[in-house]
Structure formats: C-alpha cells, structure tokens
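The chains referred to below are lettered A, B, ... by the order of the sequence lines, with proteins before strands, and numbering in each begins at 1. In this text, all values refer to a predicted model and were calculated from it rather than measured experimentally.
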Amino acid sequence: MAAVDIEGVRKVFGGRAGAVEALAAIDMTLAEGEFACILGPSGCGKSTLLNVIAGFEDLTEGSARVFGQGVSKPGPDRAVVFQEASLFPWLTVWENVTFGPRMLGRPKPETEELARRFLGLVGLAGFENHLPDQLSGGMKQRVGIARCLILKPRVFLMDEPFGALDAQTRMQMQELLLHVWDEARGTVLFITHDIDEAIFLADTVYVMTARPGRIRSRIVVDLPRPRTIEVLTDPRFNALRADILHQIREEASKATRAFEEEERARK
Amino acid sequence: MAVAANAAPPALLGLAIPAILVAVWEVLGQTGVVPQGILPAPSLVAATWWDWAFGARGMGFNPYLGTWAETVLFSTKRVFMGFLTAIVLGVPIGIMIGWNRLVAGAVDPLIQSLRPIPITAWLPFSIAVFGIRDAGAVFLISLGAFFPIVVNTTAGARDTPKNLIRAARMMGASERQLLLRVVLPNALPSIFTGMRLGLGIAWTAVIVAEIVAVKSGLGYVLWDAYYVGRMDVVIADMISIGLAGFISDRVLVAAGHRVLHWKQFGAR
Ligand SMILES: Nc1ncnc2c1ncn2[C@@H]1O[C@H](COP(=O)(O)OP(=O)(O)OP(=O)(O)O)[C@@H](O)[C@H]1O
Ligand SMILES: [Mg+2]
C-alpha cells in the first residue's frame with residue numbers, strides 16, 4: 001500500500017478577490033519510507049499540496065489518502081514541521097516536545113523516555129528548560145522535529161523547514177535530518193526552494209509547474225546513502241542539478257509570463 | 001543623540017515637583033490665603049488621617065476615629081468581588097467570541113451596544129434592581145470591569161497564530177484542549193491588559209456606587225465628609241483611593257509578570 005496517494009487533486013481558493021486555482025490536477029504516490037522533495041516556483045501550490053495532505057485544507061476535487069485512509073482532518077499520524085518552527089512560546093522545550101503525547105493521553109513514562117531520546121538525537125540534551133525565545137532558529141527547528149518524532153507518525157510533512165536558516169546552519173540541519181531519518185524512518189514529504197537541498201536529501205524529487213500546480217516531472221536521485229557533504233561534488237549530483245535547474249527556470253519564466261499577461265489583461 | 005534624556009533619571013527627581021506643590025499648598029494653608037474649610041493644609045490632612053487610621057473609636061464627636069482600615073476594607077472587598085466576577089465572566093466569553101464566529105455573531109453586537117453606556121448611567125437601574133445593598137455596588141463594578149476584559153480577551157484569542165493552532169491539531173489536540181492549551185495562553189498578555197484597565201474602572205465604579213448606592217466604604221465617607229464640611233477627611237480619602245488603586249495595580253502587574261514570565265524573552 002502506498003504511504004501517500006494523491007489522485008487528481010485540485011484545489012481552488014475562493015475569495016473576495018476571485019477564485020484562485022492553486023492546484024490543477026496532482027497525481028503523486030509515495031512509497032512507504034520514501035524521502036520525497038517538492039521543488040517549484042514560488043506560489044505554484046507546494047504549501048497547498050502539503051496542507052491538503054496534513055488535513056489543514058480541504059480539497060476541491062480528487063482524493064488524498066495516507067496509508068489507504070482518506071484525509072479529513074489533521075492528526076498525529078501526519079506530523080508537520082513548519083517553516084517558522086511554530087513552537088508554543090509559553091512552553092519550555094520539554095513541554096513543547098511532550099505536548100502531543102500529553103494531548104493524546106499517552107503514558108507518561110514512555111513519553112518521558114522518548115522525549116529524552118529524541119531531544120538527544122536532535123542535539124538538544126540540556127536545553128529542556130529553555131523557552132523557545134531563548135533558542136536560535138536552528139535549535140527551534142530541532143525542537144520542531146523532536147516534537148514530531150515523539151508522535152511516532154507514519155508520514156513527515158515539512159514545508160521549507162530550513163528556509164529561514166543561514167547557509168551554514170542549513171547544511172548542518174540537512175545532515176541532522178538525514179541522521180534522524182536513519183533512526184526514525186518513515187515517509188517524508190519535504191518542500192524546498194533549494195535544488196541542492198532537494199537532491200542531497202531526497203530519493204525522489206518532484207518538480208511542480210507554475211500555478212495552477214501540477215507535477216511536471218519525477219526525478220529519481222540514485223546517489224548512495226548514507227550521504228555526506230562530499231556528495232555535493234559527485235558528478236551525478238551536478239548532472240541532476242543541471243537538469244532540475246533547467247526545468248525550474250522554464251517554470252519560473254512561465255510564471256512570470258502568466259503574471260505579466262494577467263497584468264496586461266487587467267489594464 | 002540626547003544621551004542624557006535616555007539615561008535613567010535619578011530616583012528622587014520624580015518627587016521634586018510634588019514636594020514643591022505640597023510645600024506651596026502648606027504655605028497657602030498656614031497663611032490663610034486659602035481658607036482651611038476649602039483646602040486644608042497638608043499638615044492638617046496628615047493629622048486627620050492619623051486620627052482616622054489610629055484614633056480610639058467612639059471618643060468625642062469625630063465619627064471617623066479609627067475607622068480608616070475598615071472603610072478601605074469595605075471598598076476593597078467590593079472591588080475584589082466585582083473584579084473577580086468580571087474576570088470569571090469576561091475571560092470565557094471573550095475567548096468564545098474570539099474563537100467561534102457563531103458566538104461572535106450572536107454575542108458581540110450585544111456587548112458592543114452595551115459598552116458605550118457609562119457605568120454612572122447604570123446607577124438608577126442598579127438601585128432599582130438591587131436596592132441600597134452591596135450587590136448593587138458589585139454589579140456596577142463588575143459591569144465596568146467586564147467590558148475591557150472581554151474586549152481584550154477577544155482580541156487576544158482572535159490573533160492566535162494560525163500555525164500554532166495547526167500545530168496543536170496535528171499533535172492531536174481536541175477542540176477543548178486547543179482552547180485551554182493554545183488560545184487561552186496566547187490571549188493571556190491581552191487578558192492582563194484588559195484586567196489592568198478593568199481594575200482602574202473598578203475603583204472608579206466603587207466610589208460612584210458608594211456615593212450613591214451604599215452606606216460604607218471610601219466613596220461613602222468621601223461624600224459624607226463633604227456634607228459635614230470635613231475637607232481634611234475628603235482629601236485624606238482621595239489620597240487613600242489613589243493609593244488603593246495604585247497598590248492593587250502593582251499587585252496585578254506583579255502577578256502578571258509571574259504568569260507571563262515567558263513574555264520577557266524575545267522581541268515581540
Ligand atoms: N488561504 C488562501 N486563500 C486564497 N488563496 C490562497 C490561500 N493560500 C494560498 N493561496 C494561493 O494559492 C497559490 C499557491 O499558494 P502556496 O502557498 O501553496 O504556494 P507555494 O508554492 O507554497 O509558494 P511559496 O514557494 O512562495 O511558499 C498562491 O497563488 C496563493 O496566493
Ligand atoms: Mg509555501
């Protein structure tokens with residue numbers, strides 16, 4: 001059974017400014033344990049697609065299934081890592097990480113053991129009593145990852161989780177994520193703007209078209225794992241990057257042209 | 001940059017102008033330029049206050065001897081009860097209005113249309129319903145404090161970041177847990193702002209209510225002393241009201257800092 005099965009998903013936002021078709025007809029299947037990255041020009045509907053799978057947005061047409069179950073509302077089987085971490089600022093690191101299990105009424109000893117384990121795994125042992133505002137951006141994101149791991153989700157959904165970090169920290173976080181994924185496993189859908197990041201992390205890269213979003217291509221990244229920074233200099237890496245870059249450029253210029261036409265039509 | 005203007009002023013600077021005013025007032029009183037019956041000198045007010053606070057009861061013709069503490073207590077108790085009622089009603093109602101559009105549509109118009117009516121305008125209504133009793137005062141106080149609390153709670157609940165709500169839902173929070181664990185804590189800073197405003201109004205309301213609708217407390221003594229020409233008591237009473245308001249606000253702020261300790265970090 002597919003971990004994530006998206007069939008003919010269309011999403012239209014209604015609004016006072018008129019309807020916006022964010023997703024046209026998305027088809028996509030992620031196998032269990034697959035690490036998939038989505039790339040695409042800004043505004044093409046990447047976040048919308050992730051939000052549909054997370055259960056934050058309902059879809060206009062089509063179906064979204066996770067392990068055979070139709071998505072209807074958010075739940076701990078689909079953990080989400082947000083771009084701006086979105087931790088509860090009034091809770092300590094420990095309380096943020098144990099929030100989910102507490103809401104779900106999971107047994108306390110198990111929760112505490114898992115919290116210790118995952119805080120250690122993301123390198124935050126010793127920061128249990130810190131408040132989010134006392135942490136750096138990278139550390140906040142690690143808490144965001146730990147609070148997802150503790151849910152024991154079947155799918156991880158990540159919407160540009162490292163987009164706001166500096167290049168150095170971002171690289172560290174990418175390595176950390178692969179390390180964590182090695183331990184925790186699970187299916188990952190990871191959205192990014194950064195082609196290198198996508199190739200470095202993913203088994204498969206999906207390139208989306210300009211809005212309304214469709215899947216333009218699916219590229220298999222056949223670089224060996226475990227991957228380290230060295231992979232960035234691999235010739236296969238460069239070939240993949242050139243190919244994807246070319247596709248993104250095309251979509252981006254389509255997006256610009258569409259925008260200009262809309263502008264002209266308005267005048 | 002005017003560095004001097006940004007530097008912390010010496011602690012005593014703020015006392016200079018009041019000290020000068022008190023000195024001038026004393027001179028005016030002592031020399032008889034202003035009659036003692038209108039503006040008694042500070043020294044007289046201080047003496048009166050001392051007797052009011054520490055005098056032996058029932059001595060002579062001064063009905064105020066030794067009654068200060070109980071007078072303050074009467075008013076404080078009413079403020080406390082009215083304020084507590086306002087919190088108990090205002091916070092849950094505000095959260096519900098901020099959270100649920102249906103509740104907002106049903107309740108908000110009523111609140112917004114009642115809000116512009118000043119509490120003083122409610123006096124006859126309050127006396128008609130509750131008579132000259134404590135309940136009337138408490139009603140006016142809670143009414144006055146209710147509006148700033150409910151309005152600020154609504155605003156605080158309404159601006160809960162969308163992603164915090166999504167995060168909580170994704171971690172399995174029920175609607176009830178969402179309200180108690182996310183929306184309420186997010187609204188707390190606003191709730192405290194509303195409570196401070198409400199507490200100020202509560203002290204205004206208690207004085208008004210005691211002048212008109214009950215026969216004890218700082219408001220009652222204020223008006224009673226004015227009627228018998230005891231301006232020294234009036235002024236001592238006014239200062240007592242100011243002090244009580246000031247101290248209760250400080251207590252509230254201290255409690256707020258405790259509850260909102262997480263707020264002191266970060267730039268927001
Ligand atoms: N709640 C909404 N109401 C109306 N339109 C929306 C809403 N959310 C997104 N859209 C529109 O849908 C389109 C896709 O948005 P989405 O956020 O999914 O893009 P994205 O690919 O994630 O972009 P970015 O890379 O900039 O994050 C955009 O045109 C956006 O304006
Ligand atoms: Mg996005």
Compare every heavy atom of B/A167 with every heavy atom of A/S86, then report the nearest pair and how far apart it is.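 Scanning both residues, the minimum pair turns out to be O-CB, 4.1 Å.
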
Heavy-atom neighbours of [X] [atom1] exceed 12 at 6.0 Å:
X: B/L102; atom1: CG; answer: no
X: B/H257; atom1: NE2; answer: no
X: A/R185; atom1: CZ; answer: yes
X: A/F13; atom1: CZ; answer: yes
X: A/E21; atom1: CD; answer: yes
X: B/R181; atom1: CZ; answer: no
X: B/E70; atom1: CD; answer: yes

Are [X] and [Y] packed together at the side-chain level, in the sense that at least one heavy-atom pair is separated by less than 4.5 angstrom?
X: A/Q83; Y: B/N163; answer: no
X: A/M103; Y: B/Q177; answer: yes
X: B/M171; Y: A/C148; answer: no
X: B/L188; Y: A/W90; answer: no
X: A/L151; Y: B/M170; answer: yes
X: B/L164; Y: A/P89; answer: yes

Structural part of A/D77 lying under 4.5 Å from a heavy atom of chain B: neither

When the 4.5 angstrom heavy-atom criterion is applied to A/I150 and chain B, the contacting part is neither

Could you go through B/W262 and A/T92, starting from their C-alpha distance and side-chain angles, then the distance that decides it, and tell me whether this counts as side chain to side chain contact (heavy atoms under 4.5 Å, CB included)? CA-CA 9 Å; B/W262 54 274; A/T92 63; over 6 Å; no

Between B/R169 and A/K73, does a side chain to side chain contact (heavy atoms under 4.5 Å, CB included) hold up when you go through it step by step? CA-CA 9 Å; B/R169 284 220 166 106; A/K73 60 181 174 53; over 6 Å; no

Looking only at A/F56, A/F88, A/F99, the option with the highest number of non-hydrogen pairs under 4.5 Å against chain B is A/F56

B/P185 versus chain A, the contacting section by heavy-atom distance below 4.5 Å: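 Backbone plus side chain of B/P185, per the 4.5 Å heavy-atom cut-off to chain A.
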
Whether A/E57 and B/R166 form a salt bridge (side-chain N of Lys/Arg under 4.0 Å from carboxylate O of Asp/Glu) is what I want to check.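 Here B/R166 pairs with A/E57 in a salt bridge, since their nearest N and O are under 4.0 Å apart.
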
